[in-house]
Amino acid sequence: MAARIPLVIDTDTSQDDCVALLVGLLDPLADLRAITMVAGNVGFERQVLNAHLTLSVAGRLGEVPIHLGCRRPMVREWVSAENVHGDGAGGLDMDFDDLDISGQHGVDALIRLAAENPGELTVVCIGPLTNIAMAAVKDPRFVQNVKALYIMGGSNNARGNITAAAEYNFYVDPEAAKIVFEAGFEIVVVPWAPLTLRDAVFTRDRLAEISRIGTPLADFFVRIVSTTLEFDESVGIPGSTHPDSLTAAVLLHPELVTGTAQFAVDIETSSELTRGYSAMSWGVHGLEPNATVIESVDSQGFYDYITGLLATATTPSRQFRS
Ligand SMILES: [Ca+2]
């Protein structure tokens, strides 16, 4: 078997973030060293519960450290996406009496884990980039110690989701995103549009197939995506969207990627109208590229990969209440 890939998932855990965590927990190629939490989609405390739910359904509660990171963006007020995500877990609940949370702050955990094995750790960044920017600000060696950042965010000269111009993660903390893209990291970007909208949508037919799998993981998946599915359909997207799990998947399985290009990516921070807009220059503007942007993936291959993971038999650590 190929060598396992050491990674941390930096997440604002709701819906597809949970699926990305399952990728990190279940794929034999993944060596998930930690989960770091950042302010994003839903209330911070709820995100922590959602991560616990996910570890539980995978039968791995208590096995992967959860570090709490930044509780708000660097400069701006936090902006919720609860209108899209609800509680982020489709109303699932369980006994949370003894939360399993590491004492070390998420930013310090990122710095430490990267420094322990310089050049080996990849961070899958599927929330606002606050923790990553703060780590780079606190310890500039973090930039060199990290092997790569796989970032879900932005839109490649295409539509936004929270505004006409901006994708949510970059909109919420545009200053953090700007710092990260200017810091010198090795960066791979999975943009929300057009990539996710074309190649990572699970239609109701696909979701029905998944619900027939019958494992605890498949049941969990169908339940947690229900809220975003309804929102996505209400705005004309023909299914649930999976940018976060796609980001984790392409790290472990680059064979899923069918098209990439080098871009100079910069983030708008001074305009109100286009706050968080990701300007992606494709090489004709005299700018030095700072990121590899994924332009297309094997959509069926990605779906098959996720359904394969969901067919894994697990014994949940705790029973859900719903
Ligand atoms: Ca996310």
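One-based numbering, in listed order, for ligands and for the atoms of each.
Side chain of E167 to main chain of P191: no donor-acceptor pair is present (N/O by atom type, distance under 3.5 Å, no hydrogens or angles). Looking at S299, its side chain never comes within 3.5 Å of a backbone N or O of A200 through a donor-acceptor pair. In terms of modelled atom types and a separation under 3.5 Å, the side chain of N169 and the main chain of M152 share a donor-acceptor contact.
Hydrophobic clustering (side-chain heavy atoms under 4.5 Å, transitive across Ile, Leu, Val, Met, Phe, Trp, Tyr) keeps I187 apart from Y277.
Taking Y303 as the reference, F202 meet the ring pair (Phe, Tyr, Trp, His ring centres under 6.0 Å) condition, with sequence neighbours excluded.
Protein-derived N/O/S atoms nearer than 3.0 Å to the Ca ion (ligand 1) total 5, waters excluded.
Side-chain atoms of T11 and T13 include a donor-acceptor pair closer than 3.5 Å.
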